[in-house]
Amino acid sequence: MMSSVFFVLSLTVSAALPSAWQGQVQVNTAARSSEVALSVDERGWRTVAVDEVNEGAGPYWLRTQVAVPPREAGAPAPALALSVLGSWEAWWDGRPLGRNGQVGQTATEEVPGRIDVLLPLPPELSAPGPHVLTMRVSAHRLGFQPVGTVHHVEAGEAASLARARMLGLVPSLCMLGALVLMGFYHLVRVRLSQGGLATLLLGLLCLAASALILLEAWRGLANYPYPQHALRLRLQAAAMLAVAALLPATVHVAFGEPRRWMRWLGLGLGLLSLAFVPGFDGKNNIALGASLVVSTVLSVRAWRRGEPGAALGTLAGLGFAGTLFLLEPWGFSERGFFLAFGGLLLCLAVVHARQQRRQQERLESATRAAERLQLELLKRSLQPHFLMNTLGALSEWVETEPAQAVRFIEALGAAYRHLLAVSGERTIPLARELELCRAHLEVMGCRQGTAFHLETEGVDLGAPVPPALLHTLLENAFSHNRYVSPHTFRLESSVVAEGTGPCRRYVFLAPVGTGPRQGGGDGTGARYLRARLEEAFPGAWRLEDGPTSAGWVTRVEVPA
């Protein structure tokens with residue numbers, strides 16, 4: 001009898017109630033019994049948007065109209081899908097429907113409920129059309145201040161509601177698997193020394209995006225108690241910030257952006273603006289939007305600098321992600337992120353693979369050229385003319401100046417010992433290169449009957465240089481000049497900020513001697529220098545030379 005009374009009263013109230021399908025509910029924070037809350041008493045009720053319900057810890061009352069859709073005869077009774085941040089108990093047309101956890105006056109009294117619940121509706125109260133849903137809610141363990149605590153209210157066939165939720169997870173979980181594999185693939189390449197910083201950043205970006213997708217799917221897979229929602233949102237925000245920072249960083253390194261301050265300025269402004277945006281969704285959208293804008297600017301700059309293929313591929317992926325983001329910015333992390341960033345990261349992976357392939361081909365070509373030219377240089381050092389002159393001078397010294405002969409033999413042995421020790425290396429410390437050069441100057445000093453010296457200024461003895469770099473410059477100087485008096489060669493080194501970052505500049509001065517012409521040209525020595533520099537620093541070196549009043553100057557720039 002009492003249930004019938006409540007049912008009649010609820011039907012009387014329903015005519016004036018807002019409806020969930022129109023995005024509105026009524027709330028009441030006054031302490032009242034269920035009999036009063038289910039009656040026609042309108043005192044204390046106010047209408048709010050369904051996504052802005054936030055009445056604090058409660059308990060508070062909520063009511064709205066929910067439409068049951070038409071169904072075929074013999075179809076199973078519908079169910080009610082509820083997603084509310086809190087513990088609650090519900091009435092359907094005035095009849096108790098069920099509870100989720102335990103509503104309490106305090107956190108101690110409250111038992112946390114699940115965040116998503118599917119309740120079967122009574123068959124006798126599931127006729128198509130509007131029905132009154134009344135709820136009593138408490139939320140003492142939220143752990144943060146949400147924009148709204150009511151996320152979803154819908155009536156329909158139970159199987160369809162459950163299937164729709166699971167089908168929404170399938171594409172994102174498929175993309176999750178692909179991103180995890182891509183991320184670990186790139187990290188393994190870095191571990192095996194087959195990739196550089198761009199490969200490392202791309203791998204971390206894939207894993208950060210996969211973490212974001214997994215955290216988004218966590219709700220549908222685990223259906224956790226509502227207090228865990230704050231933890232999930234904070235982890236989501238951390239993953240989104242990681243994605244927002246790693247995306248432009250990856251683009252920056254991949255294209256060698258010369259203006260680092262632009263990346264940090266854009267990201268800094270985006271992160272600073274997060275402090276003024278309410279809610280986790282707003283912060284995530286600002287961070288992601290700033291990341292897409294900065295990445296697009298970097299890609300456009302790369303395209304204008306002459307990298308059309310790679311930059312256009314990246315711009316295509318950014319354009320796809322940006323379009324999906326602009327179409328639905330506030331639901332992007334839930335529905336569009338996995339698709340947008342899956343496509344974007346696929347484009348980045350293809351671009352990166354093409355760059356790595358070109359770099360590997362260039363490295364292999366430079367290595368082959370360096371090995372070939374190294375053999376030519378060794379042949380030139382052992383040419384018959386050199387051997388005949390050396391042996392002739394040595395035989396004369398043995399008879400007339402034994403001490404000079406011993407000194408020459410030791411200098412020649414030291415020079416070839418140093419040359420043999422470094423010839424197979426890709427780079428060597430500058431200290432070893434200088435030892436080789438001074439040994440060569442000792443040999444040439446013995447042959448010319450004079451003294452040669454090498455002075456250095458500002459050098460870092462541990463800096464890596466290609467083997468025989470300065471030695472080749474010395475050989476060129478002696479090939480194109482005749483020195484009959486003591487001379488001093490000079491090497492100056494400095495670190496300068498240029499291009500994509502700091503680089504180390506070497507300036508080598510060969511003094512003027514006598515002879516047909518000074519060093520330079522495009523002979524074996526010059527080709528060897530270029531091949532060795534390309535092998536050691538692919539695409540990141542510069543070599544210039546030319547005459548000055550003081551002699552022949554060669555400038556070499558390599559990454560610091």
Side-chain angles (χ1 to χ4, degrees), residues 2-69 77-105 110 113-140 142 146-156 161 226:
M2 186 65 68
S3 298
S4 302
V5 172
F6 286 151
F7 176 61
V8 173
L9 291 176
S10 66
L11 292 180
T12 305
V13 174
S14 65
L17 275 182
S19 57
W21 66 84
Q22 292 176 340
Q24 291 184 328
V25 298
Q26 282 188 339
V27 294
N28 193 326
T29 58
R32 52 180 57 198
S33 64
S34 58
E35 290 83 357
V36 176
L38 296 171
S39 69
V40 295
D41 185 4
E42 292 295 321
R43 290 175 300 175
W45 292 96
R46 55 189 177 86
T47 301
V48 298
V50 68
D51 56 355
E52 296 179 1
V53 176
N54 186 1
E55 305 304 313
Y60 63 90
W61 290 89
L62 177 150
R63 67 185 184 185
T64 186
Q65 290 189 82
V66 180
V68 174
L80 180 67
L82 290 174
S83 296
V84 179
L85 293 179
S87 303
W88 48 262
E89 49 188 339
W91 290 259
W92 183 258
D93 287 339
R95 179 182 295 183
L97 182 62
R99 65 174 57 199
N100 180 31
Q102 170 100 21
V103 179
Q105 295 289 339
E110 181 186 273
R114 299 280 172 178
I115 191 168
D116 296 309
V117 175
L118 195 63
L119 289 175
L121 295 176
E124 65 276 15
L125 297 178
S126 58
H131 296 260
V132 178
L133 171 66
T134 306
M135 301 178 67
R136 184 170 177 257
V137 185
S138 68
H140 294 280
L142 273 177
V147 175
T149 56
V150 179
H151 292 174
H152 186 65
V153 179
E154 183 184 5
L161 293 173
Y226 85 87

Participant: Output all residues satisfying side-chain hydrogen bond (donor to acceptor under 3.5 Å, both in side chains) with His140, sequence neighbours left out; order by chain, then residue number.
Facilitator: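 Result, side-chain hydrogen bond (donor to acceptor under 3.5 Å, both in side chains) vs His140: none returned.
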Participant: Work out which heavy atom in Asn54 is nearest to a heavy atom in Pro146; give both atom names and the distance.
Facilitator: ND2-O, 2.6 Å
Participant: Under a 4.5 Å cut-off applied to non-hydrogen side-chain atoms, are Ile115 and Leu85 in contact?
Facilitator: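 Yes, their side chains come closer than 4.5 Å.
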Participant: With Glu55, which residues qualify under salt bridge (charged side-chain N to carboxylate O under 4.0 Å, His left out), at least two apart?
Facilitator: Arg46
Participant: Not counting sequence neighbours, which residues clear salt bridge (charged side-chain N to carboxylate O under 4.0 Å, His left out) with Arg114? List them please.
Facilitator: none
Participant: Residues two or more places apart in sequence or in another chain: which of them pass side-chain hydrogen bond (donor to acceptor under 3.5 Å, both in side chains) with Thr134?
Facilitator: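 Once residues adjacent in sequence are excluded, Thr134 has no partner under the side-chain hydrogen bond (donor to acceptor under 3.5 Å, both in side chains) criterion.
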Participant: Name all residues meeting the side-chain hydrogen bond (donor to acceptor under 3.5 Å, both in side chains) criterion together with Glu154; count only those two or more places apart in sequence or in a different chain, and write none if there are none.
Facilitator: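 Counting only residues at least two positions away or on another chain, Glu154 forms a side-chain hydrogen bond (donor to acceptor under 3.5 Å, both in side chains) with His152.
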Participant: To the nearest 0.5 Å, what is the distance between CG on Leu97 and NE2 on His131?
Facilitator: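 Reported to 0.5 Å precision, the distance equals 11.5 Å.
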Participant: Can you see which heavy atom on Ala37 is nearest to which on Arg63, and at what distance?
Facilitator: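 Result for this residue pair: O-NH1, 4.0 Å.
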Participant: Are Leu82 and Leu133 side-chain neighbours, meaning at least one heavy-atom pair lies under 4.5 Å?
Facilitator: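 Yes; the side chains approach each other to less than 4.5 Å.
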Participant: Please name all residues satisfying side-chain contact (heavy atoms from CB on, under 4.5 Å) with Pro120, sequence neighbours left out, ordered by chain then number.
Facilitator: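 With sequence neighbours excluded, Pro120 shows a side-chain contact (heavy atoms from CB on, under 4.5 Å) to no residue whatsoever.
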Participant: Please name all residues satisfying side-chain contact (heavy atoms from CB on, under 4.5 Å) with Ala67, sequence neighbours left out, ordered by chain then number.
Facilitator: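 Partners of Ala67 under the side-chain contact (heavy atoms from CB on, under 4.5 Å) test: Trp21.
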Participant: Minimum heavy-atom separation for Gly86 and Asn100, please, with both atom names.
Facilitator: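 It is O-ND2, 4.0 Å.
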Participant: Quick one: do Val48 and Val25 satisfy side-chain contact (heavy atoms from CB on, under 4.5 Å)? Show the steps, please.
Facilitator: CA-CA 6 Å; Val48 298; Val25 298; 3.9 Å; yes
Participant: Please give me the minimum heavy-atom distance between Ser138 and Gly104, naming the atom from each residue.
Facilitator: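 In terms of heavy atoms, the two residues are closest at OG-N, 3.2 Å.
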Participant: Identify the heavy atoms of Ser87 and Gln102 that sit nearest to each other, and give their distance.
Facilitator: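 Scanning both residues, the minimum pair turns out to be CB-O, 3.6 Å.
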Participant: Holding to side-chain contact (heavy atoms from CB on, under 4.5 Å), I want the full list of residues that pass it with Ala30, two or more places apart in sequence or in another chain.
Facilitator: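 In terms of side-chain contact (heavy atoms from CB on, under 4.5 Å), with neighbours along the sequence ignored, Ala30 is linked to Asn28, Arg32.
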Participant: Which residues pass the side-chain hydrogen bond (donor to acceptor under 3.5 Å, both in side chains) test with Gln22, sequence neighbours left out?
Facilitator: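 Gln22 satisfies side-chain hydrogen bond (donor to acceptor under 3.5 Å, both in side chains) with Ser19 only.
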Participant: Going from CG on Asp93 to OG on Ser126, what distance comes out if it is rounded to the nearest 0.5 angstrom?
Facilitator: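 Separation between the atoms: 10.0 Å.
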Participant: Rounded to the nearest 0.5 Å, what's the gap from CD on Gln24 to CD on Glu52? Could you check?
Facilitator: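 If I round to the nearest 0.5 Å, the distance is 10.5 Å.
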Participant: Within a strict 4.5 Å, meaning less than it, do heavy atoms of the Val103 and Val137 side chains meet?
Facilitator: no
Participant: By the salt bridge (Lys or Arg N to Asp or Glu O under 4.0 Å) test, which pairs, at least two apart or in different chains, include something from residues 79-91?
Facilitator: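 Every pair satisfying salt bridge (Lys or Arg N to Asp or Glu O under 4.0 Å) with a residue in residues 79-91: Glu89-Arg99, Glu89-Arg136.
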Participant: Heavy atoms only: give me the nearest Trp92-Leu125 pair and the separation to one decimal.
Facilitator: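 So the minimum-distance heavy-atom pair works out to NE1-O, 2.7 Å.
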Participant: Can you check side-chain contact (heavy atoms from CB on, under 4.5 Å) on Leu118 and Leu161, steps first, answer last?
Facilitator: CA-CA 8 Å; Leu118 195 63; Leu161 293 173; 3.7 Å; yes
Participant: What do the steps show when you test Tyr226 against Thr149 for side-chain contact (heavy atoms from CB on, under 4.5 Å), and what is the final call?
Facilitator: CA-CA 10 Å; Tyr226 85 87; Thr149 56; over 6 Å; no
Participant: Apply side-chain contact (heavy atoms from CB on, under 4.5 Å) to the pair Trp88 and Leu62, showing each step before the final yes or no.
Facilitator: CA-CA 10 Å; Trp88 48 262; Leu62 177 150; over 6 Å; no
Participant: Can you sort out the partners of Trp61 under ring pair (Phe, Tyr, Trp, His ring centres under 6.0 Å), two or more places apart, ordered by chain and number?
Facilitator: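 Partners of Trp61 by the ring pair (Phe, Tyr, Trp, His ring centres under 6.0 Å) criterion, ordered by chain and then number, come out as Trp91.
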Participant: Are side-chain heavy atoms of Val53 and Val27 found at a separation under 4.5 Å?
Facilitator: yes
